[in-house]
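For reference, positions follow the sequence shown, starting with 1. All values derive from a computational prediction rather than experimental measurement.
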Amino acid sequence: QLQLVESGGGLVQPGGSLRLSCAASGSRFSIYDMGWYRQAPGKEREVVARITNVGSTDYAEFDKGRFGISRDNAKNTVYLQMNSLKPEDTAVYYCNARILNITPLTWSDYWGQGTQVTVSS
């Protein structure tokens with residue numbers, strides 16, 4: 001299993017930038033698919049971006065062209081660079097790790113505690 005700790009959240013003005021970090025402790029970080037999710041008050045948790053164990057990425061429609069996900073396996077860390085932030089980006093951002101179990105063939109998910117991002121003037 002993996003322990004995930006997010007950092008880098010805070011208060012930022014519209015149009016500003018933040019870089020979130022997710023530090024993982026445990027073994028075999030490089031084989032996990034990683035992702036960032038967010039949840040705003042009164043809304044469902046939604047995917048922000050994902051990056052596979054081989055570096056393939058995908059993004060939600062609301063952040064394409066603004067956000068970038070990356071990972072550094074040597075540091076057991078995944079990042080989310082957020083640019084051109086909007087008030088509607090305000091949410092708690094969660095780090096996710098996913099790994100495929102062989103027997104049975106199921107996915108296991110691990111979550112961090114989240115970091116608050118507030119975009120406001």
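- The distance from atom CG of Asp89 to atom CE of Met82, rounded to the nearest 0.5 Å, is 7.0 Å.
- Each of Asn73, Asn53, Val54 was checked for a side-chain contact (heavy atoms from CB on, under 4.5 Å) with Ser30, and the lone residue meeting it is Asn73.
- A side-chain donor from one of Asn101 and Ser108 sits under 3.5 Å from a side-chain acceptor of the other.
- The minimum heavy-atom distance between Val78 and Cys95, with the atom names listed, is CG1-SG, 3.8 Å.
- In terms of heavy-atom proximity, Gly8 sits nearest to Leu18 at O-CD2, 3.7 Å.
- Counting heavy atoms from C-beta outward, Ser120 and Pro87 have side chains that stay 4.5 Å or more apart.
- Interatomic distance, Gln116 CD to Leu11 CG, rounded to the nearest 0.5 Å: 9.5 Å.
- Leu100 pairs with exactly one of Leu105, Ile31, Thr106 by the side-chain contact (heavy atoms from CB on, under 4.5 Å) rule, that one being Leu105.
- Under the 4.5 Å side-chain heavy-atom criterion for ILVMFWY residues, no single connected hydrophobic cluster contains both Val117 and Val92.
- In this structure a side-chain-to-backbone donor-acceptor pair under 3.5 Å is missing from Thr90 to Thr118.
- Hydrophobic clustering of Ile, Leu, Val, Met, Phe, Trp and Tyr side chains at less than 4.5 Å, counting indirect connections, unites Trp36 with Leu4.
- Between Gly26 and Leu2, the closest heavy-atom pair is CA-CD1, 3.8 Å.
- The cluster map of Ile, Leu, Val, Met, Phe, Trp and Tyr, joined by side-chain heavy atoms under 4.5 Å apart, puts Tyr94 and Met34 in different clusters.
- In this structure, a donor-acceptor pair under 3.5 Å is present between the side chains of Asn83 and Ser17.
- Residues Phe62 and Ile69 are members of one and the same hydrophobic cluster, defined by side-chain heavy-atom contacts under 4.5 angstrom among Ile, Leu, Val, Met, Phe, Trp and Tyr.
- Residue Gln3 places its CD atom among 12 or fewer non-hydrogen atoms of other residues, nucleotides or ligands, all under 6.0 Å distant.
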request  = Check the pair Trp111, Arg45 against side-chain contact (heavy atoms from CB on, under 4.5 Å), reporting the backbone distance first and the verdict last.
outcome  = CA-CA 12 Å; Trp111 297 92; Arg45 183 176 295 187; 3.2 Å; yes
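- Annotation: cation-pi geometry not satisfied between Arg71 and Tyr79 (NZ/CZ under 6.0 angstrom from ring centroid, within 45° of ring axis).
- From Tyr32, atom OH reaches atom CG of Asn96 across 11.0 Å, with rounding to the nearest 0.5 Å.
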query = Tyr93 and Arg38: side-chain hydrogen bond (donor to acceptor under 3.5 Å, both in side chains), yes or no, with the steps?
reply = CA-CA 4 Å; Tyr93 284 71; Arg38 72 185 189 185; 3.0 Å; yes
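- From Gln13, atom CD reaches atom CG of Leu85 across 11.5 Å, with rounding to the nearest 0.5 Å.
- Summarising the geometry of Ala40 relative to Ala91, their closest heavy-atom pair is N-CB, 3.8 Å, with the distance given to 0.1 Å.
- The two atoms that bring Ala23 and Thr77 nearest to each other are CA-OG1, 4.2 Å, heavy atoms only.
- Among residues at least two apart or in separate chains, salt bridge (charged side-chain N to carboxylate O under 4.0 Å, His left out) pairs with a member in residues 47-61 are Arg50-Asp58.
- No side-chain donor-acceptor contact under 3.5 Å links Gln39 to the backbone of Glu44.
- With values rounded to the nearest 0.5 angstrom, Ser56 atom OG is found 8.0 Å from Ile51 atom CD1.
- Note: the hydrophobic cluster containing Val119 also contains Leu20 (ILVMFWY, side chain heavy atoms under 4.5 Å, direct or indirect links).
- The environment of CD in Glu88 is crowded: more than 12 heavy-atom neighbours from other residues, nucleotides or ligands sit within 6.0 Å.
- For the atom pair Tyr37 OH and Glu46 CD, the distance stands at 11.0 Å (nearest 0.5 Å).
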task = Check step by step if side-chain contact (heavy atoms from CB on, under 4.5 Å) holds for Val47 and Tyr59.
result = CA-CA 8 Å; Val47 63; Tyr59 298 89; over 6 Å; no
